[in-house]
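Working notes, beginning with the structure itself.
Just so you know, residue 1 is the first one in the sequence shown, and it goes up from there.
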Amino acid sequence: QQSTLGLWEEGCTATAMAASAGGRISLPGAATNAAAGADAGEGDSGALQVAEALRTIALKNPCTHCGKQGALKRCSICKQVWYCGAECQKAGWRRHKKRCAPPLSINEICAKVLAAHTAGEWRGVLEWEVRMEELMEGEPDAIANGILYCFFNAHVRGSLLTGSPQHALSAASLGSRRVDLLGKMERFRDQGEALCSVAQTLIFAGKSQEAAGFLKRARAVAEAHGFFSVECRACTGLAQLAIEQGRDEEGLDLLRNALAAAPLDEEEETSYELPVLLSLTSALLKTGALDEVEPLVVRFREAGKAESKRTGQLCYSELHSLITSAQLLQARGKPREAEGELRTLLDLAFANKAAVEKMMPGPQLLLREATLFLKSLDPSIGAPEQQSLTAELAQMRLGAM
């Protein structure tokens with residue numbers, strides 16, 4: 001146990017020796033340089049500066065085990081965790097030993113971040129966020145942008161899967177840095193898309209005013225360069241904010257503009273029509289504008305099917321288009337037809353479990369809503385069948401990562 005646990009780096013020993021010998025002091029986290037004797041002429045000034053530097057370090061390094069400030073010893077294997085002393089180190093060893101390993105090189109960390117990002121393992125990416133600045137140091141802007149995007153994306157996934165607004169705010173901060181970097185690189189289409197993405201994270205975090213600012217900047221970029229896909233996303237985001245704030249007509253007009261812009265950008269392969277149709281049909285159903293929404297629901301269904309066919313797997317929009325269709329049929333007084341759409345939705349989801357499990361949490365909420373909607377339409381569904389549906393949903397572990 002002594003050989004395993006007794007691996008420390010003292011925060012003061014080497015420094016104190018250098019000061020007493022008249023050497024220069026250089027401590028991490030403190031820009032202190034002191035020389036004893038003739039340089040100082042003040043007797044113990046070197047020791048005083050050592051003490052001040054150690055206090056600076058102590059404020060930045062709380063004990064990994066107990067959380068108290070003033071941790072001056074760190075693990076000499078990984079050099080990543082700090083402790084008050086041997087007692088805290090021993091108490092925290094069982095937990096720490098699972099992750100304790102010698103520091104990795106920048107290239108090794110890059111490989112791990114890329115592998116975790118590719119696999120969608122957002123926690124595996126964020127594990128290395130403390131080294132993010134090192135990863136970007138000295139790299140070309142294109143590489144720095146890619147690194148920022150990896151960590152931005154990880155925080156976005158974290159916010160969606162945990163509901164944490166802190167993840168969303170962290171994503172917004174990283175996304176804002178990407179916006180500036182992409183502008184510097186004159187990649188204006190990507191800058192417009194990044195502005196819209198940052199806005200969505202701010203909306204998730206409840207920062208509507210800040211989100212609106214980013215969306216207006218995105219519209220300005222779109223208008224300056226003729227990027228209809230960016231215009232579409234920006235209008236959709238602004239419409240979402242307007243409707244949430246009770247300005248329904250303004251929101252609907254923005255969505256109509258977005259839908260008109262969606263298919264105009266021939267350079268952009270990604271279809272922005274689906275999210276606009278999702279928002280517009282939902283808003284129109286709430287206002288009761290059934291005549292306007294009916295052809296849009298048909299368009300939504302066809303676009304959802306086409307997207308699933310294009311990607312080769314079931315997409316979220318196809319699922320959502322079915323519940324939108326069911327809501328329209330119910331509003332039209334056709335409960336049996338609505339029930340058929342809902343059963344199709346559930347059958348489709350359970351037949352494509354592998355694809356659904358990879359989706360964000362949206363489908364889980366959507367399927368629960370569909371199940372409750374189905375129950376309201378068909379009172380003959382008994383408790384056993386409801387329990388079976390609930391159990392199958394739970395087994396799918398939708399949104400789990």
Side-chain angles (χ1 to χ4, degrees), residues 28-29 60-61 74 78-82 99-162 164-205 207 210-211 213-215 217-218 221 225 227 229-230 233-234 237 267-270 358-360 401:
K60 292 186 176 182
N61 296 309
R74 66 178 176 177
C78 66
K79 303 184 189 299
Q80 298 295 315
V81 297
W82 294 77
R99 299 177 64 180
C100 183
L104 299 178
S105 70
I106 293 300
N107 287 341
E108 289 172 322
I109 294 173
C110 278
K112 285 183 173 292
V113 169
L114 180 60
H117 172 73
T118 304
E121 297 171 354
W122 61 277
R123 289 188 178 91
V125 174
L126 295 183
E127 181 179 344
W128 299 103
E129 190 172 13
V130 294
R131 306 287 296 276
M132 185 182 73
E133 300 299 334
E134 291 179 62
L135 295 177
M136 293 192 296
E137 186 177 355
E139 294 292 349
D141 288 342
I143 300 297
N145 172 59
I147 293 169
L148 282 171
Y149 178 75
C150 281
F151 289 101
F152 166 81
N153 181 264
H155 276 297
V156 169
R157 293 182 70 85
S159 66
L160 292 172
L161 295 171
T162 66
S164 166
Q166 189 54 53
H167 273 305
L169 291 172
S170 296
S173 177
L174 293 170
S176 183
R177 288 180 63 179
R178 282 193 70 228
V179 166
D180 294 339
L181 186 58
L182 289 166
K184 175 186 171 185
M185 297 165 65
E186 298 186 351
R187 287 173 52 178
F188 297 117
R189 180 189 293 277
D190 291 336
Q191 185 187 39
E193 297 287 0
L195 283 163
C196 293
S197 296
V198 172
Q200 288 301 316
T201 65
L202 289 169
I203 291 172
F204 185 91
K207 304 288 184 180
E210 293 90 335
F214 277 89
L215 290 168
R217 285 177 62 189
V221 171
H225 299 280
F227 299 145
S229 58
V230 176
R233 282 192 69 187
E267 295 181 23
E268 183 60 57
E269 293 182 4
T270 304
K358 295 177 182 178
M359 296 179 188
M360 290 299 186
M401 293 298 297

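- A distance of 10.5 Å separates CD in E127 from CD in E121, rounded to the nearest 0.5 Å.
- Using a cut-off of 4.0 Å between Lys/Arg side-chain N and Asp/Glu carboxylate O, E210 and R217 are scored as not salt-bridged.
- Judged by distance alone, the side chain of T201 and the main-chain N or O of V198 form a donor-acceptor pair under 3.5 Å.
- In this structure, the separation between CD on E108 and CH2 on W128 is 8.5 Å, given to the nearest 0.5 Å.
- Judged by distance alone, the side chain of S159 and the main-chain N or O of V156 form a donor-acceptor pair under 3.5 Å.
- A donor-acceptor contact shorter than 3.5 Å links the side chain of Q191 to the backbone of V179.
- With sequence neighbours left out, the side chain to side chain contact (heavy atoms under 4.5 Å, CB included) criterion links E139 to I143.
- Annotation for A218 and C196: closest pair CB-SG, 3.7 Å, computed over non-hydrogen atoms.
- Residues R189 and S229 approach most closely at NH1-OG, 3.4 Å, considering heavy atoms.
- Put simply, the side chain of M185 reaches to within 4.5 Å of the side chain of L181, judged on heavy atoms.
- Across every non-hydrogen atom of M136 and A144, the tightest pair is SD-O, 3.7 Å.
- R178 approaches A194 most closely through the heavy-atom pair NH1-CB, 4.0 Å.
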Does V230 form a side chain to side chain contact (heavy atoms under 4.5 Å, CB included) with F188? I'd like the steps, not just the answer. CA-CA 10 Å; V230 176; F188 297 117; over 6 Å; no

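- Ring planes of F152 and Y149: tilted class, angle from 30 to 60°.
- Taken from CD1 in I109 to CD1 in I147, the straight-line distance is 10.5 Å, to the nearest 0.5 Å.
- The distance from the OG atom of S176 to the CG atom of L195 is 8.5 Å, given to the nearest 0.5 Å.
- Using a 4.5 Å cut-off on side-chain heavy atoms (C-beta onward), L174 and E129 make contact.
- By the side-chain hydrogen bond (donor to acceptor under 3.5 Å, both in side chains) test, H167 pairs with H155, sequence neighbours left out.
- A donor and an acceptor atom, one from each side chain of R233 and S197, are located under 3.5 Å apart.
- Judged by distance alone, the side chain of S170 and the main-chain N or O of Q166 form a donor-acceptor pair under 3.5 Å.
- Contact annotation: the side chain of F214 never approaches that of I203 to less than 4.5 Å [non-hydrogen atoms, C-beta and beyond].
- From N153, atom CG reaches atom CH2 of W122 across 11.5 Å, with rounding to the nearest 0.5 Å.
- Distance check: L135 CG to C110 SG gives 4.5 Å after rounding to the nearest 0.5 Å.
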Please walk me through it: do L182 and E193 pass side chain to side chain contact (heavy atoms under 4.5 Å, CB included)? CA-CA 10 Å; L182 289 166; E193 297 287 0; over 6 Å; no

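- Residues passing the side-chain hydrogen bond (donor to acceptor under 3.5 Å, both in side chains) test with D141 are K184, sequence neighbours excluded.
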